[in-house]
Amino acid sequence: EAFVDNATITRVVIPGSVRTIGRWSFNNCTRLEEVVIEQGVQTIGFGAFVACPVLKKINIPKSVKTIEGHMLGYCPELAQVDVEEGNPRYGVINECLVDLETKTLLYFLTEAATIPDDGRVISIGMCAGTAAGGQRMKELTVPASVKTLEDTPFGNMQMLKKVVFE
């Protein structure tokens, strides 16, 4: 929780010598716009970047093996999440951040995000709707391949008017 509620940081570079970004580390950093995570970081803790209202860009290197829940919730300006090619655990599919191992949709990254209907996503994770894309979505189709909805998967999707379950 080293930088919680910090109102001065605008950009942070987390060196590869840091193995774990702790829980709530950058919670409510009101001026944080960009996060650069270097190769070597393995875990991003629960709520690490939650409630950063001007966060626009973050990368996930291929060394990241664990993203604990609620990492990017309530970041309404988030426009870019880059997952390094070769990351065996995480990827961006149809504008959604996905845990490839558990087949869980972690976040809707843009309002144009669609849930893959080919079995690559079978679960919608806790607070998946709290990132920028989910906050702006108006309609959502949940394909039949999705078998599980975790806690509040559509939380904070205030513009969402229609959900269709296939």
Side-chain angles (χ1 to χ4, degrees), residues 1-110 113 115-116 120-135 146 148-157:
E1 300 177 7
F3 298 98
V4 170
D5 297 326
N6 186 296
T8 58
I9 297 173
T10 58
R11 182 175 188 266
V12 64
V13 177
I14 300 169
S17 58
V18 172
R19 294 293 181 239
T20 299
I21 301 167
R23 297 170 61 91
W24 308 107
S25 292
F26 296 90
N27 177 34
N28 199 37
C29 287
T30 56
R31 293 192 177 172
L32 182 61
E33 294 182 24
E34 181 180 7
V35 176
V36 177
I37 302 172
E38 293 183 346
Q39 181 67 23
V41 173
Q42 295 178 1
T43 301
I44 302 173
F46 188 92
F49 302 102
V50 76
C52 294
V54 297
L55 181 62
K56 293 174 179 58
K57 181 178 180 183
I58 187 170
N59 72 297
I60 300 169
K62 63 183 174 185
S63 60
V64 171
K65 295 175 171 65
T66 303
I67 295 175
E68 295 178 0
H70 212 36
M71 175 186 80
L72 294 170
Y74 308 104
C75 297
E77 298 300 315
L78 187 65
Q80 186 174 349
V81 176
D82 295 322
V83 179
E84 184 178 9
E85 190 174 327
N87 185 314
R89 180 79 190 258
Y90 299 98
V92 175
I93 304 170
N94 298 356
E95 300 299 318
C96 300
L97 180 60
V98 176
D99 181 326
L100 304 171
E101 186 176 292
T102 65
K103 299 183 179 185
T104 300
L105 187 151
L106 301 176
Y107 286 105
F108 299 103
L109 299 176
T110 72
I115 302 169
R120 290 183 291 171
V121 169
I122 60 170
S123 177
I124 301 176
M126 181 182 84
C127 300
T130 61
Q135 292 180 15
V146 172
T148 305
L149 301 176
E150 294 182 13
D151 292 342
T152 62
F154 308 127
N156 206 48
M157 295 177 84

(request) Spell out, as yes or no, whether a donor-acceptor pair under 3.5 Å connects the side chain of Glu77 to the backbone of Val54. (result) no

(request) Using atom types as modelled and distance alone, determine if a side-chain donor or acceptor of Tyr90 lies under 3.5 Å from a backbone N or O of Leu100. (result) no

(request) With the side chain counted from C-beta on, respond yes when Leu149 and Phe154 share a heavy-atom pair under 4.5 Å apart, and no when they do not. (result) yes

(message) If I take atom SG from residue Cys127 and atom CG from residue Asn156, how far apart are they, to the nearest 0.5 angstrom?
(response) 9.0 Å

(request) Identify the heavy atoms of Val50 and Gly73 that sit nearest to each other, and give their distance. (result) CG2-O, 3.0 Å

(message) How close do Asn87 and Val64 get, counting heavy atoms only, and between which atoms?
(response) ND2-O, 3.4 Å

(request) Of all the heavy-atom pairs spanning Val146 and Val121, show the shortest one and how long it is. (result) CG2-O, 3.9 Å

(message) Rounded to the nearest 0.5 Å, what separates atom CZ in Phe3 from atom OG1 in Thr8?
(response) 9.0 Å

(request) Mind running side-chain contact (heavy atoms from CB on, under 4.5 Å) on Glu150 and Ser123 for me, showing each step along the way? (result) CA-CA 7 Å; Glu150 294 182 13; Ser123 177; 3.4 Å; yes

(message) Would you call the rings of Trp24 and Phe46 parallel, tilted or perpendicular, taking 30° and 60° as the class edges?
(response) perpendicular

(message) Enumerate the side chain to side chain donor-acceptor pair (under 3.5 Å) contacts for residues 32-60, please, sequence neighbours excluded, ordered by first and then second residue.
(response) Arg11-Glu34

(request) Please report the closest heavy-atom contact between Ala113 and Leu109, naming both atoms and the distance. (result) CB-N, 4.4 Å

(message) Are the side chains of Arg89 and Thr102 in contact, using a 4.5 Å heavy-atom criterion?
(response) yes

(message) Ignoring hydrogens, what is the shortest heavy-atom contact between Cys75 and Phe49? Give both atom names and the distance.
(response) SG-O, 3.2 Å

(request) Evaluate the side-chain contact (heavy atoms from CB on, under 4.5 Å) criterion for residues Tyr107 and Thr130: first the C-alpha distance (whole Å), next the side-chain angles of each, then the deciding distance (0.1 Å), finally the verdict. (result) CA-CA 7 Å; Tyr107 286 105; Thr130 61; 3.6 Å; yes

(message) Val35 and side chain to side chain contact (heavy atoms under 4.5 Å, CB included): which single residue from Ile60, Leu72, Ile44, Ile58 fits?
(response) Ile58

(request) Carefully, step by step, assess Leu32 and Phe26 under the rule side-chain contact (heavy atoms from CB on, under 4.5 Å). (result) CA-CA 9 Å; Leu32 182 61; Phe26 296 90; 4.3 Å; yes

(request) Quick one: pull up NZ in Lys65 and CZ in Arg19 and give me the separation to the nearest 0.5 Å. (result) 9.0 Å

(request) Decide yes or no for Arg31 and Asn6: does some side-chain heavy atom of the first lie under 4.5 Å from some side-chain heavy atom of the second? (result) no

(request) Might you work through the side-chain contact (heavy atoms from CB on, under 4.5 Å) test for Ile14 and Val36, ending with a clear yes or no? (result) CA-CA 6 Å; Ile14 300 169; Val36 177; over 6 Å; no

(message) If I compare all heavy atoms of Cys52 with all of Pro76, which pair ends up nearest, and what's the gap?
(response) O-CD, 4.4 Å

(message) Side chains of Val41 and Ile21, heavy atoms from C-beta outward: is any pair under 4.5 Å?
(response) yes

(message) According to salt bridge (Lys or Arg N to Asp or Glu O under 4.0 Å), who are the partners of Glu85, at least two apart in sequence or on a separate chain?
(response) none

(request) May I ask you to test the Ile115-Leu105 pair for a side-chain heavy-atom distance under 4.5 Å? (result) yes

(request) For residues Met157 and Gln135, determine if any side-chain heavy atom of one lies less than 4.5 Å from a side-chain heavy atom of the other. (result) no

(request) Can you measure from CE (Met126) to CG (Leu106) and round to the nearest 0.5 angstrom? (result) 10.5 Å

